[in-house]
Amino acid sequence: TLAHGSCTTQINSGGRIYGAHYLKNCYINNGGLLDVCSTTKSTGTSKIDNLITLYAGGYMNMYLRTNGSSTYSSKVTAVTLNLRGNLNIKPVSDIEGATQVFEPAIGQSFTLWEVTNLKTDESSLVITLPKLPNGMGWDTSELLAPKGILKIVKAPLRGDVNDDGLVNGTDIQAVINFIVEGQYDEKADVNNDGLVNGTDIQEIINIIVNAE
Ligand code: CA
Ligand code: CA
């Protein structure tokens with residue numbers, strides 16, 4: 001256990017902190033690593049009294065774990081969390097010697113931090129997330145908030161313009177409707193080029209043909 005309750009702790013290049021710790025301020029500098037895991041090879045908590053800053057080039061590893069329908073994750077508590085560097089969110093099995101598992105399922109939710117102020121510089125913040133099985137996607141819309149929540153949701157089915165869970169002729173009709181109305185629609189823009197036109201219809205045909 002590292003308790004450094006009255007000073008500022010700096011993690012410099014090549015340095016790593018892991019296991020239980022309780023710090024006043026924590027600066028993760030370029031090349032430094034805060035590994036938010038416990039010495040028992042599981043998820044852990046970084047308790048920061050005041051300010052924690054992940055600088056550009058610094059690393060913070062956080063872990064996700066499941067046990068049946070229960071979810072657990074590494075967690076940071078602080079007044080201010082300032083994210084500017086590399087935030088690597090990983091399955092718990094990435095901790096050397098870990099025996100626990102991360103088994104993703106739609107509907108799971110993980111709370112990675114609870115702070116008063118969340119600050120970020122999105123030009124230097126790089127977030128990496130575990131790969132998910134087909135059909136699942138990460139919902140990061142509530143992550144960069146004082147209570148940082150990461151969710152697993154059903155991945156949108158490419159080409160399913162009318163959102164009925166199938167890719168078929170009715171989706172082609174839906175694209176035609178958007179073209180006729182001269183409207184842009186993200187789902188109808190199947191090839192993701194910023195336009196809704198005949199190439200998106202061709203793309204849906206390709207998806208249908210390839211699925212057969
Ligand atoms: Ca459809
Ligand atoms: Ca398009």
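Start at 1 and go down the list; that is how both ligands and their atoms are numbered.
Cation-pi geometry between Lys47 and Tyr22 is satisfied (NZ or CZ under 6.0 Å from the ring centre, within 45° of the ring normal).
The side-chain contact (heavy atoms from CB on, under 4.5 Å) check on Glu203 picks up Arg158, Val190, Asn191, Asn206, with sequence neighbours excluded. Every residue two or more places apart in sequence or in another chain that forms a side chain to side chain donor-acceptor pair (under 3.5 Å) with Asp189 is listed here: Tyr184. Residues passing the side chain to side chain donor-acceptor pair (under 3.5 Å) test with Thr9, sequence neighbours excluded: His4.
Within Asp164, the N, O or S atom at minimum distance from the Ca ion (ligand 1) carries the name OD1.
In this structure, OD1 of Asn162 and OD1 of Asp171 enclose an angle of 70° at the Ca ion (ligand 1), rounded to 10°. Note: angle at the Ca ion (ligand 1), from OD1 of Asp160 to O of Leu166, is 80° (rounded to 10 degrees).
Near-neighbour remark for the Ca ion (ligand 2): protein N, O or S atoms under 3.0 Å are Asp189 OD1, Asn191 OD1, Asp193 OD1, Leu195 O, Asp200 OD1, Asp200 OD2; waters not counted.
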For this session: Would you check, one step at a time, whether the test side chain to side chain contact (heavy atoms under 4.5 Å, CB included) holds for Gln108 with Thr66?
Result: CA-CA 9 Å; Gln108 285 173 350; Thr66 56; 3.4 Å; yes
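Counting non-hydrogen atoms of other residues, nucleotides and ligands closer than 6.0 Å to CD of Glu181 gives a total above 12.
Using bins of under 30°, 30° to 60° and over 60° for the plane-to-plane angle, the ring pair Trp138/Phe102 lands in the parallel bin.
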